[in-house]
Amino acid sequence: MVIPNQAPQETIEHPHATAVLALGAASLFCCGVLGPVAWALGRRALDQIEESHGGYGGRAQVLVGYVLGVIGTILMVCMAIVFLLILVGGRA
């Protein structure tokens, strides 16, 4: 992947690195629905970082956001299952 207007050996942070990290943290702490979004954006950003061969930086931020997105998604699914079991069982 060629990044225009970039000097050789100069890395720039991936444009979605901070967004993936924020979405992953938000999915874990307040809104689980953002987990799949962080997961998908994080996977795409990681692929783009790998394809750039050092042109993009921010891999650590993206990786942390990606992992938090996966964990947030798993917690969201677990809570949905518990909610459905309570709903079907009729006991709280």
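The basis for the numbers below is simple: all heavy atoms, side chains too, and nothing from hydrogens, waters or symmetry mates.
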Give every donor-acceptor pair under 3.5 Å between a side-chain atom in residues 33-42 and any protein atom, sequence neighbours left out.
{"unit_1": "Trp39", "atom_1": "NE1", "unit_2": "Tyr66", "atom_2": "OH", "d": "3.4"}

Enumerate, atom names and distances included, each donor-acceptor pair closer than 3.5 Å involving a side-chain atom of residues 69-79, sequence neighbours excluded.
{"unit_1": "Thr73", "atom_1": "OG1", "unit_2": "Gly69", "atom_2": "O", "d": "2.8"}

Which heavy atom in Arg59 sits nearest to a heavy atom in Leu46, and how many Å separate them?
-> NH1-CD2, 3.8 Å
Any side-chain heavy-atom pair from Tyr56 and Ile12 closer than 4.5 angstrom?
-> yes
His16 atom NE2, neighbour heavy-atom count above 12 within 6.0 Å | no
Beyond-backbone contact of Glu13 with Thr18, side-chain heavy atoms, under 4.5 angstrom = yes
Which residue pairs pass the side chain to side chain donor-acceptor pair (under 3.5 Å) test when at least one of the two sits in residues 76-90, sequence neighbours left out?
-> none
How long is the span from the CD1 atom in Ile86 to the CD1 atom in Ile81, to the nearest 0.5 Å?
-> 12.5 Å
Quick one: closest heavy-atom pair of Ala17 and Gly58, and the distance?
-> CB-O, 4.1 Å
Working to the nearest 0.5 Å, report the span between CG of Leu23 and SG of Cys31.
-> 9.5 Å
Nearest heavy-atom pair of Ala45 and Val62: which atoms, and what distance?
-> CB-CG1, 3.8 Å
Heavy atoms from other residues, nucleotides or ligands near CZ of Arg43 exceed 12 (cutoff 6.0 Å) | yes
